[in-house]
Amino acid sequence: MLRIAKAIRPLPAGERCTEFRGWPDLVKIYDAQVSLTPESAAMPALPLRLGVNVDHVATLRNARGGERPDPVRAALLAIEAGADGITAHLREDRRHIRDADMARLKAEIGRPLNFEMAATDDMLRISLATKPHAVCLVPERREELTTEGGLDVVGQHNALAPFIAKLGDGGIRVSLFIAADPRQIEMAAKLRAPVVELHTGAWCDAVVDGHAEKAEAEWQRIVAGARLAKAAGLEVHAGHGLDYATAETISARPEIAELNIGYFMIGEAIFVGLAETVRAMRAAMDRGRGKSGSKAGSKS
Ligand code: PXP
């Protein structure tokens with residue numbers, strides 16, 4: 001409503017507004033004044049946030065033991081360069097982020113912390129004590145290299161319902177990391193999670209591997225999933241495997257409010273530095289958002 005109000009110019013002095021019929025007219029005036037593509041005219045793009053995942057700074061640190069490089073230092077640098085928040089995954093095996101990192105991130109970054117974790121009692125206890133801005137529930141298997149699939153919220157409905165409620169009661173926003181599958185999205189809405197993060201890994205892998213047909217099919221799943229989730233009242237985030245090109249593409253989807261990106265950015269940082277990487281990612285997202293017909297805006 002605020003965006004609409006801002007977009008409407010006052011009438012010149014002395015002119016009276018005649019024949020104003022309420023909401024349909026308001027939408028017409030808005031569409032006429034802001035140049036939008038037909039699709040985004042139906043839904044102006046939201047501001048798009050960048051969450052930088054610092055897990056792999058900790059991976060590097062843990063390779064040699066000791067304290068360097070420090071993921072909290074990386075988080076502060078990323079924020080200074082334009083990140084809107086920081087994401088970190090406390091895995092059961094503590095292969096990268098450790099409990100003390102999470103506590104320091106919460107204490108030191110002064111921006112939203114998105115705490116990724118499996119839905120276990122141990123993680124529930126730690127997250128309630130840490131009090132991050134958000135918890136993103138992810139599936140976790142010890143033998144996997146990274147989070148390979150989405151959470152099966154359909155199959156785990158009964159276990160997840162009280163878990164989500166406890167986090168919500170603790171003042172923590174819950175996000176469910178799921179595949180862009182209609183059944184999973186509908187169940188996420190039924191579970192009353194405020195946010196879903198759509199798993200972009202299969203799409204990104206297909207793009208990078210040059211499998212055009214698979215990439216297109218995965219992309220269409222993401223587009224449809226983002227629309228469905230938004231229509232179901234969920235805030236829509238996306239992440240996994242994104243690079244500059246795929247981040248730019250997905251930023252054009254007006255339903256998406258946040259991207260969480262880690263591995264590619266930490267890898268790029270080796271060559272050009274983290275601040276430069278964050279700025280380049282922000283620019284890619286802004287270019288993509290520009291294609292949705294509305295300004296990106298980095299803050300929420
Ligand atoms: N979102 C979620 C839920 C994740 O588990 C991960 C990986 O930790 C990411 C985003 C970031 O993925 P990547 O490191 O491939 O950018």
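All figures in this text were calculated on a predicted structure; none of them were measured in a lab. In each ligand, atom 1 is the first atom listed, and ligand 1 is the first ligand listed.
Heavy-atom minimum distance, T130 versus M102: CG2-O, 4.1 Å.
When the shell of 6.0 Å around CD of E80 is examined, it contains 12 or fewer heavy atoms from other residues, nucleotides or ligands.
Considering both main-chain and side-chain atoms, Y263 comes within under 3.5 Å of ligand 1 through a nitrogen or oxygen pair. On a distance-only criterion, H89 and ligand 1 share no N/O pair closer than 3.5 Å. Every N/O-N/O distance between F264 and ligand 1 stays at or above 3.5 Å. For G241, a nitrogen or oxygen atom sits less than 3.5 Å from a nitrogen or oxygen atom of ligand 1, counting backbone and side chain alike.
Of all the heavy atoms of T87, none lies under 4.0 Å from any atom of ligand 1, so neither backbone nor side chain is involved. Using a 4.0 Å cut-off between heavy atoms, M265 makes no contact with ligand 1 at all.
For the side chain to side chain contact (heavy atoms under 4.5 Å, CB included) with L151, the qualifying choice from V138, V196, L160 is L160, the only one to do so.
H56 is listed as a side-chain neighbour of H96, based on a closest heavy-atom distance under 4.5 Å.
Among E197, E258, M117, H237, the residue whose heavy atom lies closest to atom 1 (N) of ligand 1 is E197.
With rounding to the nearest 0.5 Å, the separation of CZ in F163 from CG in D121 is 6.5 Å.
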